[in-house]
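Numbers restart at 1 for each chain; the letters A, B, ... are given by sequence-line order, proteins then strands.
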Amino acid sequence: MNACDLFSSAPYRVVVDDEEGGIRYWPDVIGPAQAQAWFERLRDGAHWQQQRRPMYERVVDVPRLQAWYGLEELPQALPLAAMQAAVQALVPAPYNTVGLNLYRDGRDSVAMHHDKLHTLVPRQPIALVSLGAPRRMNIRPKHGQARAVGIDLMPGSLLVMSHASQITHEHGIPKTTRAVGPRMSAVFRVRP
DNA sequence: GAAGGTCAAGCGCA
DNA sequence: CTGCGCTTGACCTT
């Protein structure tokens, strides 16, 4: 724990610093039982989609399942409104969308990337709730030679990335040969 | 509407 | 062992 906010109920770690809050990690924002229950409901009830992409002469599956919802019309059966409230309580912002990602096992991943800036509102945060199995995320400055920082994203944790950090840093979930269970992320964003 | 950026798997390297 | 950089090319933006 590098830093704690004395005025907030939950402690967080500052992974990257900038004027907009940088990248902050709260390891325990949602209790384990709640996190597990939400994981199961989303796993079983979300509208998961399998995207495909061309790769040389083949077409391959994107190595994760995805779902997307606008917060104005959330399906009642999914616990997304409650999750939004939990996020909102710690990091207030006019969130209007959630993206869900399901990493089924260690072969699922996302390449290092930054969130597309033209689909985001400047100065508004990106809030990522993790559920299910822990998974390592790497975060690395785009310029300079600094090595990636790894964070083990725990179930019930919250990672908040500033808009500014998407310009300076990229992040990804590498594949792993270790046996890992399914992990889910729910990413709350403010879209124009 | 155009086109510069994205991002998949696998290989070779340090 | 594992992170990383490089490769090609269809599809972009919810």
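Side chains of A:R136 and A:T176 form no contact here, defined as non-hydrogen atoms less than 4.5 Å apart.
The CD atom of A:Q84 sits 7.0 Å away from atom CG of A:L74, with the distance rounded to the nearest 0.5 Å. In this structure, CD in A:Q50 is found 8.5 Å from CD in A:Q66, a value given to the nearest 0.5 Å. Between the CZ atom of A:F188 and the CG atom of A:N96 there is a distance of 11.5 Å, given to the nearest 0.5 Å. In this structure, CE on A:M83 lies 11.0 Å from CZ on A:R41, to the nearest 0.5 angstrom.
The 5' end of DNA chain C is approached more closely, in terms of each residue's nearest nucleotide, by A:N138 than by the other of A:N138 and A:K116.
Nucleotides of DNA chain B that come within less than 4.0 Å of any heavy atom of chain A span, from the 5' end to the 3' end, B:dT6 to B:dA9.
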Report all side-chain donor-acceptor pairs from residues 104-111 of chain A shorter than 3.5 Å, counting only partners two or more places apart or in another chain.
| unit_1 | atom_1 | unit_2 | atom_2 | d |
| --- | --- | --- | --- | --- |
| A:R104 | NE | A:D108 | OD2 | 2.7 |
| A:R104 | NH2 | A:D108 | OD1 | 3.2 |
| A:R104 | NH2 | A:D108 | OD2 | 3.4 |
| A:D105 | OD1 | A:R107 | N | 2.8 |
| A:D105 | OD1 | A:R107 | NE | 3.4 |
| A:D105 | OD2 | A:R107 | NE | 3.4 |
| A:D105 | OD2 | A:R107 | NH2 | 2.7 |
| A:D108 | OD2 | A:R104 | N | 2.7 |
| A:S109 | OG | A:K175 | NZ | 2.9 |

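Closest approach of A:P192 and A:T119 over heavy atoms only: CD-O, 3.4 Å. Nearest heavy atoms, A:W48 versus A:R43: NE1-O, 3.1 Å.
Near DNA chain C, meaning a heavy atom under 4.0 Å away, the residues from residues 173-192 of chain A are A:T177, A:R191. Across residues 49-77 of chain A, A:R53, A:P54, A:Y56, A:W68 each have a non-hydrogen atom less than 4.0 Å from an atom of DNA chain C (numbered order).
The separation between A:R140 atom CZ and C:dT2 atom C1' is 14 Å, rounded to whole Å.
No more than 12 heavy atoms of other residues, nucleotides or ligands lie within 6.0 Å of NE2 in A:H47, so this atom counts as exposed by the packing criterion. Sparse packing is recorded around CD of A:Q76, with 12 or fewer heavy atoms of other residues, nucleotides or ligands lying under 6.0 Å away.
Of the candidates A:I173, A:N101, A:L102, A:N101 is the only one forming a side chain to side chain contact (heavy atoms under 4.5 Å, CB included) with A:R64.
Every side chain to side chain contact (heavy atoms under 4.5 Å, CB included) that A:D17 has, sequence neighbours left out, goes to A:V14.
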Given the rule that a pair is Watson-Crick or G-U wobble with both distances under 3.5 Å, how would you write DNA chain B in dot-bracket, using | for pairs to a different strand?
...|||||||||||
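Residues A:R135 and A:S130 bring no donor and acceptor atom of their side chains to less than 3.5 Å of each other.
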